[in-house]
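Before any comments, here is the structure.
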There are 2 protein chains.
Amino acid sequence: MTEAKNPVQAVQRTLDVLDVLRATGGARVTEVAREVGVSKGTVHCHLATLEENGYVIKEGNEYKLGLRFIDLAHHAKDRIGIFDVTTSEVDTLAEESGELALFTVEEEGEGICLYTAEGENAVRTEIYVGYRNNLYHTAVGKAMLAHMAEEKRDRLIAHMEFEQLTPRTITDEYVLREELEAIREEGIAYNHGETIQGLVGAGAPIRDQDGTVYGAVSIIGPVRRMGEERLEGEIPEMIRRAVNIIEINITSL
Amino acid sequence: MTEAKNPVQAVQRTLDVLDVLRATGGARVTEVAREVGVSKGTVHCHLATLEENGYVIKEGNEYKLGLRFIDLAHHAKDRIGIFDVTTSEVDTLAEESGELALFTVEEEGEGICLYTAEGENAVRTEIYVGYRNNLYHTAVGKAMLAHMAEEKRDRLIAHMEFEQLTPRTITDEYVLREELEAIREEGIAYNHGETIQGLVGAGAPIRDQDGTVYGAVSIIGPVRRMGEERLEGEIPEMIRRAVNIIEINITSL
DNA sequence: CACGATCGTTTTGCCCTACCAAACATTTAT
DNA sequence: ATAAATGTTTGGTAGGGCAAAACGATCGTG
């Protein structure tokens with residue numbers, strides 16, 4: 001995120017208010033005011049303005065996010081040209097593997113899940129369309145990091161704040177860089193339970209002929225069904241095939 | 001939309017800016033400034049603040065909606081408890097009919113499409129998830145209007161501004177009220193090409209045991225494949241069955 | 001490649017307005 | 001029924017949002 005020189009304070013307030021509504025799933029004036037750290041009156045005016053525009057709706061005295069965001073989300077997705085091309089292949093990955101398959105892109109140094117497809121035995125995770133996470137501890141994240149332009153990778157890594165989510169999480173820049181090198185050689189990135197213990201996965205980037213990274217797809221599942229043999233055997237095979245088809249379709253766009 | 005007594009002007013500005021980005025699919029400072037009617041400097045500060053929060057991203061000198069909206073959209077959708085229950089039945093409707101099937105809810109007097117499923121021969125329309133339209137000229141809209149609480153219906157109708165989209169569009173309050181009465185008796189609402197000439201459909205509301213309207217589902221298609229016999233025969237039959245299953249599942253929530 | 005034109009960004013100062021505190025209205029709890 | 005808590009509105013003030021202009025970067029063109 002570039003730092004704004006002259007931020008509009010009132011806008012920042014409103015965004016903070018919206019974030020409280022997002023995090024709580026609906027809140028009342030007093031609760032929002034306490035959370036954001038401003039007076040009740042101020043919060044009320046902000047919520048009223050947002051409501052007038054359909055960004056917030058009021059049920060009784062509880063304010064919630066309005067459905068207008070769904071409209072904006074659709075238009076934001078429009079920017080991802082390869083979306084439609086990708087989803088059908090992710091569906092196939094989920095069906096073939098029986099696991100959870102994901103399509104993720106990078107924005108401002110975060111991985112943003114844009115599509116999920118659940119196979120027969122798919123794990124239940126908190127991942128949803130729009131879910132954001134760090135790049136250094138996921139298969140898709142590392143896949144994208146490994147293949148993006150070097151200067152961008154350096155910039156993103158420089159700003160990373162590593163957090164030890166599980167015993168396997170990489171928390172060192174140079175360990176990460178070594179793994180990225182291995183990923184570039186093999187073409188597949190793995191998550192060996194680095195986000196959630198017992199949850200593993202494999203992913204690969206989607207690139208055009210110039211090498212520009214558009215996103216990544218992955219298959220994730222419990223380690224008990226995804227032993228070494230499968231995780232480094234048929235799963236990468238499925239992913240490679242899917243990526244190949246997607247990349248061919250990109251070219252014709 | 002309730003009218004705000006003390007709207008926050010700067011927030012309204014920002015929302016106007018976002019709306020320009022939505023409508024244009026990405027714009028530059030000067031263009032946004034002209035469109036919104038404020039100075040370049042002001043627009044720049046707003047965009048910078050939005051960018052800092054991930055709501056807008058900058059590609060070169062063009063600003064576009066950020067993927068953060070996808071996250072917010074997901075949380076907004078959470079409010080619709082029947083969402084997951086409904087989508088699988090809408091999929092079935094699309095497959096059975098081969099046409100386009102929709103799930104729509106009402107918010108602030110507008111119909112908002114929350115899910116679409118395309119059958120084999122589905123028409124290509126501009127309808128997308130998040131798409132908003134008026135209630136008086138669609139099957140889902142009339143279905144919801146017909147079955148909602150009387151006072152709410154009166155209020156919504158009182159604020160309607162009828163527009164003659166096609167020769168068949170209802171533009172008179174009392175003609176609409178008569179049709180709603182017929183819809184309540186039959187249980188199915190029709191769109192006889194009132195939105196787009198040649199595009200017809202049938203829909204029905206989803207209600208709980210108290211009669212509260214949660215939304216509506218519909219099947220729409222070209223009149224050449226949806227003649228009177230089919231539109232008032234097997235199509236309503238499919239819809240009735242789907243609604244029945246959804247309503248049973250609601251009860252168990 | 002140079003030059004002008006256009007656009008993006010930053011600065012400045014003024015006027016407005018976003019904010020808080022408090023009063024008032026409404027709802028909730030006991 | 002009464003009190004306590006919350007939602008909404010009001011007024012005054014100080015901080016900030018705004019337009020205009022200067023500055024800097026970029027684009028297009030001859």
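Just so it is clear: chains get the letters A, B, ... in the order the sequence lines come, proteins before strands, and each one is counted from 1. The basis for the numbers below is simple: all heavy atoms, side chains too, and nothing from hydrogens, waters or symmetry mates.
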A:Q9 has an atom CD; how far is it from atom C1' of D:dG15, in whole Å?
8 Å

Please determine if a side-chain N or O atom of B:R13 lies less than 4.0 Å away from the OP1 or OP2 oxygen of D:dC18.
yes

In this structure, are over 12 heavy atoms from other groups packed under 6.0 Å from B:E161 atom CD?
no

Describe, as an angle rounded to 10 degrees, how the axis at the first end of the helix from C:dC1-D:dG30 to C:dT30-D:dA1 is tilted relative to the axis at the last end, five pairs per end.
60°

Could you tell me the separation between the CG atom of B:N61 and the P atom of C:dT10, rounded to a whole number of Å?
12 Å

Quick one: B:H46 NE2 to D:dG16 P, roughly how many Å, whole number?
14 Å

Nearest-nucleotide wise, let me know which of B:V11 and B:H44 is further upstream toward the 5' end of DNA chain C.
B:H44

Mapping B:K40 and B:V43 to their closest nucleotides on DNA chain D, which lands nearer the 5' end?
B:V43

Spacing of B:L156 atom CG and B:E106 atom CD [to the nearest 0.5 Å]:
5.5 Å

State plainly whether the residues A:K77 and A:D84 are in salt-bridge range, i.e. N to O under 4.0 Å.
no

Would you indicate whether B:E59, at its atom CD, is surrounded by more than 12 heavy atoms from other residues, nucleotides or ligands within a distance under 6.0 Å?
yes

To the nearest Å, give me how far apart CG (A:L47) and P (C:dC19) are.
12 Å

Quick one: A:E62 CD to D:dA5 P, roughly how many Å, whole number?
20 Å

Greater than 12 external heavy atoms within 6.0 Å of B:E181's CD:
yes

Give the rounded distance in Å between these two atoms: CD of B:Q12 and P of C:dA18.
11 Å

Need to verify one output field. Residue with the more 5' nearest nucleotide on DNA chain D, A:V29 or A:V8?
A:V29

Grab the CD-P distance between A:E31 and C:dT27 for me, whole Å please.
20 Å

Among C:dC19, C:dC7, D:dG7, the one nearest any side-chain atom of B:R28 is C:dC7

State whether B:R177 and B:E173 are salt-bridged, where the test is any N-O pair (Lys NZ or Arg NE/NH1/NH2 against Asp/Glu carboxylate O) under 4.0 Å.
yes

Should B:Y63 be listed as having a side-chain N or O under 4.0 Å from OP1 or OP2 of C:dC7?
no

Are B:T42 and D:dA19 close enough that a side-chain N or O sits under 4.0 Å from OP1 or OP2?
yes

Compare side-chain N and O positions of A:T30 against OP1 and OP2 of D:dT6 and report whether any pair is under 4.0 Å apart.
no

Among C:dG8, D:dC18, C:dC20, the one nearest B:K58 by side-chain distance
C:dG8

So do B:V36 and B:H46 actually touch side chain to side chain, heavy atoms under 4.5 Å?
no

